[in-house]
Amino acid sequence: MSRKETNKLGGENYVMKQINRYIDSVFYSDDKILEEVLASIKENGMRSISVSPSTGKLLTMLVSISGAKNVLEIGALGGYSGICLSRGFGRDGKLTSLELVDDYAQLANQNLSKAGFENQVSYMVGPALHSLEKLVSENKRFDFFFIDGDKENYENYLNYCIQLAENGAIIICDNVLARGTVADEQAEPARHTEFMKKFNQTVANHEQLESILIPIGDGLTVSKVRK
Ligand SMILES: C[S@@+](CC[C@H](N)C(=O)[O-])C[C@H]1O[C@@H](n2cnc3c(N)ncnc32)[C@H](O)[C@@H]1O
């Protein structure tokens, strides 16, 4: 059977899945709080599209290593990545999270509260582009960004994040491997394959960014902003 046929049968990303399963099994330990977040997402009939456990751990480490204290997230869902980001700054930081759906922002807020970040997170509900425009007009600045909202707007989000960034800020974008299809000519293209190929080129060649792609979860670009 050809690789393309395997992909059509759902074998798509087989290697990626195996590698991620391996990384999760070796480097991730059970985490009751995050497990409860995943359960709450299911209970509320929401899609299970939080970042992978190892992606979450990497987010915590990147915030912590960079020393970021003022984090902006685009796409909250149930708060899984929000908790991981907040763990990186501990008691001494702030998360601003942009979410389209009010019910999702409320669930994320509940989950962040349960995780002990009640007074360190604020949600801006509505289309992220509107919230970003507001943040720009208020001259806000952030030192860490996590972009995980609607993929079609990634390039717009990237441009806004650069405007809102302190010099040296970090910008992380999720799902940039489009389930591995950006790298596999024979794979059946996924919904965002072509889009992510173009986006990765933009990130890689942006004159204000120094960037690399880390193939954990569905792939993350990590960029440092030069201003
Ligand atoms: C992949 S999920 C985010 C998962 C979350 N970052 C996590 O790992 O826990 C994408 C989220 O983006 C939100 N979203 C989609 N379009 C949006 C928009 N235009 N503005 C703000 N949020 C949006 C969705 O409602 C959804 O909650």
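The analysis underlying the following values was restricted to heavy atoms, covering all of them including side chains, and did not include hydrogens, waters or symmetry mates. As the structure lists them, so they are numbered: ligands from 1, and atoms in each ligand from 1. Being a predicted model, the structure only gives us computed values, none of them experimental.
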(request) Report yes if some N/O of I49 lies less than 3.5 Å from some N/O of ligand 1; otherwise report no. (result) no

(request) Among all protein heavy atoms, pick the one closest to atom 10 (C) of ligand 1 and tell me residue, atom and distance. (result) D148 O, 3.1 Å

(request) Heavy-atom contacts with Y157 under 4.0 Å: which atoms of ligand 1 show up? List them by number with element. (result) 18 (C), 19 (N), 20 (N)

(request) Any atoms of ligand 1 less than 4.0 Å from a non-hydrogen atom of Y80? List them with their elements. (result) 9 (O)

(message) Evaluate G75 for polar contact with ligand 1, using N/O atom pairs at a separation under 3.5 Å.
(response) yes

(message) Can you tell me which portion of A76 lies within the under-4.0 Å heavy-atom range of ligand 1? Options are side chain, backbone, both, or neither.
(response) backbone

(message) If you take the nearest heavy atom of each of N111, D218, I83, D150, which one is closest to atom 17 (C) of ligand 1?
(response) D150

(request) Please answer whether the main-chain N or O of G79 pairs with a side-chain N or O of N111 as donor and acceptor at a distance below 3.5 Å. (result) no

(request) Show which atoms of ligand 1 fall inside a sub-4.0 Å distance from at least one heavy-atom site of G126. (result) 20 (N), 21 (C)

(message) We want to know whether S97 and E73 form a side-chain donor-acceptor pair, criterion being a heavy-atom distance below 3.5 angstrom.
(response) yes

(message) Can you confirm, on distance only, whether ligand 1 has an N/O atom lying under 3.5 Å from any N/O atom belonging to A128?
(response) yes

(request) Please name the residue in the list I74, V51, L77, D218 that meets the side-chain contact (heavy atoms from CB on, under 4.5 Å) test with D148. (result) V51

(message) Check this for me - ligand 1, S81, N or O atoms closer than 3.5 angstrom, yes or no?
(response) yes

(message) Closer than 3.5 angstrom, by distance alone: can the side chain of T193 be matched with the main-chain N or O of T181 as a donor-acceptor pair?
(response) no

(request) Verify, without hydrogens or angle tests, whether K57 (side chain) and F27 (backbone) share a donor-acceptor contact under 3.5 angstrom. (result) yes

(message) Looking at N44 and S40, would you say the former's side chain and the latter's main chain have a donor-acceptor pair under 3.5 Å?
(response) yes

(request) Please verify whether a non-hydrogen atom of C84 lies at under 4.0 Å from ligand 1. (result) no

(message) For a quick check under 3.5 Å, do Y154 and K151 share a side-chain donor-acceptor pair by atom type?
(response) yes

(request) Using distance alone, with no hydrogens and no angle criterion, decide if Y160 and E133 have a side-chain donor and acceptor under 3.5 Å apart. (result) yes

(request) Report yes if V51 has an N/O atom closer than 3.5 Å to an N/O atom of ligand 1; otherwise report no. (result) yes

(message) Under 4.0 Å from a heavy atom of G149: which atoms of ligand 1 are those, numbered in the order shown and with their elements?
(response) 12 (O)

(message) L100 versus ligand 1: do any nitrogen or oxygen atoms come within less than 3.5 Å of each other?
(response) yes

(message) Would E99 count as being in polar contact with ligand 1, using the rule that some N or O on each side must be under 3.5 angstrom apart?
(response) yes

(message) So that I can tick it off, tell me whether E166 and K227 are bridged by a salt bridge, with the cut-off set at under 4.0 angstrom between side-chain N and carboxylate O.
(response) no

(message) Test your reading of the structure: does K151 have an N or O sitting under 3.5 Å from an N or O of ligand 1?
(response) no

(request) Apply the side-chain contact (heavy atoms from CB on, under 4.5 Å) test between V121 and each candidate in N109, I83, T96, V71; give the one that qualifies. (result) N109

(request) With heavy atoms of P127 as the reference, note each atom of ligand 1 found under 4.0 Å away. (result) 20 (N)

(request) Check Q208 against I162 and note the closest heavy-atom contact, atom names and distance. (result) OE1-CG2, 3.6 Å

(message) Under 4.0 Å, heavy-atom basis, I'd like to know which part of Y104 is in contact with ligand 1: side chain, backbone, both or neither.
(response) side chain

